[in-house]
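Some notes on the structure that comes next.
Atoms considered below: every heavy atom in the structure, side chains included; atoms not considered: hydrogens, waters and symmetry mates. Please read these numbers as outputs of a predicted model, since none were measured by experiment. Atoms within a ligand are numbered from 1 in the order they appear, just like the ligands themselves.
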Amino acid sequence: MAKPAAAQMKHDMGGMSGHGNHKMPMTGTNPILSEGRPLKDLPRLPNQSAVPGVFKAKLAAEPGVVRFAEGLDTPALLYNGTNPVIEASEGDKVEISFSNGIPGEPTTIHWHGMPVPADQDGNPSDPVASGGERIYAFDLPEGSAASYWFHPHPHSLTAEQVYRGLAGIFLVKPKDDPIPPEYGDTILMLTDLRIAADGTMPDSTMVDFMNGRVGDHVLVNGQKNPAMVVAFGEKRRLRLFNATNARFLRLKFENASMTVIGTDGGLIEKPAAVDELLLTPAERVELIVFFDRPGAAKLTTLDYERGWMGPDKPNEAGMILLTAHVSDEAAGAMPPLPAKLRSIESLGNPVVTRRFVLTESMGGMDHGGISMQGMDHSNMSMSSDSMGMKFMINGATFNMNRIDEVSKVGQVELWEVVNEADMDHPFHVHGTQFQIVEHEKNGKISTPFYRAWKDTVNIVAGETVRILLRQDLPGPRMYHCHILEHEQLGMMGTVDVQA
Ligand SMILES: [Cu+2]
């Protein structure tokens, strides 16, 4: 029998303060999650405003209980008891009355990728205390239609609040959508669950802090390998959100064809057929999947080397995330996908160049020299700073009271992000969308296949990625690694955008 949620949460929340002797769940005793159930839609947050062009709702972050495995209650942190979807339109005014019902912890809501004012964007410097309330208010400008998401961003607590369940989807719809409505519009929110034999989520270990926390099960809308039924010849619009703390998802659709139509910041210019794609933490992709073969089409994972350190390297390949059963009955006539989806102008010539160098330090030892072989991980749950692991940008860990860069509203900048670490780091910038100019590794330069708006880009170990960006709203903005444990251990900085 599960303990009451609040008591359980309190117990679980103690894990990062260093009392540390929680055991890793034993292999073989892990709960089995049932597969193949019909794919559920995440619940929509109802609009409480009757005024056209206004979206108003209440959101509460609070402890709750989720049934992931048969007969087991999993204490979690949720928004209104779930992972809600907010759907609004370009031009709308948004007003979210937020309350923090998490016992003993501050939190914030960060509107990931959205062009919201800095003081409405849930910065760590704007916490909502436990029991406190605030209103997040912002307008959705023309051209902002995209697949965004939202999650907490409090100082030193983001990683834990997110893996315990706090995340939601924010869809901004365009006034005129070029994608045929016959394709539907399906949200697939990918999360990563680690669940112990008693149904609880174990505390993070040192390996989790090093690599980012990877779970036992990658879930879609909270379900393991859910099923959808499609007609032979049907085309479906699928929006994939990587809402995991640290999973690198190299994805393939077996027995169906994938075409990319959108990225973090909305539609790309022209559809781009792909065989596979890499979706790193916090990234989104919009796909048209063409079910052009009978049988079962499966969204599966392929192997990816992202520079794992220490033991417990997860097997990335061969997970089945979603199964589409293709019926024998042919779909009705499907309108074609337009050849042109939108225009994306280049941001133009930068007037400022900034350089950000990403490095790791493992407790004073050279990161290549640390040996994790044979370490007993029953005792590896400990406070993150006790091991002295650091993740840095330009040699410094995050300091909330320090401005690292000073910029100007409307100024086009070239950011050169250099990964001198041994792991990949997905780099995210708040408050705007950027354009990737090029990737450089070992002197070899490659340019993206298509122009796209992005707010998160994976920087492969040893690679330099150059991006163009412009902030249109003033105020302090964070930039950080979206492996949330790395963000927590310092891989974050602040750019102050001046009016
Ligand atoms: Cu990182």
Side-chain angles (χ1 to χ4, degrees), residues 16 110 112-113 124 151-153 155-163 190 192 204-215 242-250 264 278-283 304-310 312-314 316 355-363 366-368 370 372 384-385 387-399 404 415-430 434 436 439 441 454-465 467 477-495:
M16 303 229 316
H110 169 55
H112 184 112
H151 60 79
H153 218 302
H155 186 56
S156 290
L157 291 165
T158 300
E160 182 165 1
Q161 290 186 359
V162 174
Y163 81 67
L190 307 172
D192 195 3
S204 282
T205 66
M206 198 177 74
V207 170
D208 294 327
F209 280 103
M210 263 197 293
N211 296 287
R213 181 185 171 105
V214 168
N242 187 336
T244 70
N245 278 41
R247 271 279 182 185
F248 285 62
L249 296 166
R250 188 175 152 219
D264 304 340
L278 180 67
L279 199 67
T280 68
E283 285 188 302
Y304 183 73
E305 285 298 331
R306 47 101 148 192
W308 188 266
M309 294 174 76
D312 303 328
K313 183 174 188 285
E316 305 284 10
R355 185 177 161 88
F356 301 91
V357 180
L358 313 180
T359 54
E360 302 148 359
S361 157
M362 298 296 157
D366 173 65
H367 49 178
I370 190 167
M372 301 291 300
S384 49
D385 53 10
M387 283 301 288
M389 274 185 281
K390 282 185 198 163
F391 292 86
M392 292 165 283
I393 300 179
N394 292 343
T397 53
F398 180 66
N399 180 339
D404 297 280
W415 284 23
E416 195 169 57
V417 190
V418 184
N419 186 348
E420 291 184 356
D422 290 337
M423 286 182 230
D424 289 17
H425 295 289
F427 187 80
H428 169 53
V429 185
H430 288 198
F434 53 75
I436 300 170
H439 296 252
K441 195 177 178 186
K454 295 280 295 165
D455 56 54
T456 307
V457 59
N458 187 40
I459 321 287
V460 171
E463 183 186 51
T464 295
V465 177
I467 61 177
R477 300 289 187 176
M478 343 304 305
Y479 48 87
H480 63 89
C481 174
H482 224 285
I483 291 178
L484 293 174
E485 288 74 13
H486 293 175
E487 176 262 358
Q488 193 154 323
L489 293 183
M491 197 173 265
M492 177 154 69
T494 304
V495 55

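Atom ND1 is the N, O or S atom of His486 at the shortest distance from the Cu ion (ligand 1). Taking the Cu ion (ligand 1) as reference, the nearest N/O/S atom within His425 carries the name ND1.
No more than 12 heavy atoms of other residues, nucleotides or ligands shown are found within 6.0 angstrom of NZ on Lys390.
Relative ring orientation between Phe427 and Trp415 is described as perpendicular, the plane-to-plane angle rising above 60° on a 0-90° scale split at 30° and 60°.
Between Glu305 and Arg250, none of the side-chain N atoms (NZ, or NE/NH1/NH2) sits under 4.0 Å from a carboxylate O, so this pair counts as no salt bridge. Using a cutoff of 4.0 Å between basic side-chain nitrogens and carboxylate oxygens, Glu160 and Arg213 are not scored as salt-bridged.
Among the atoms of Cys481, an N, O or S atom is found under 2.8 Å from the Cu ion (ligand 1).
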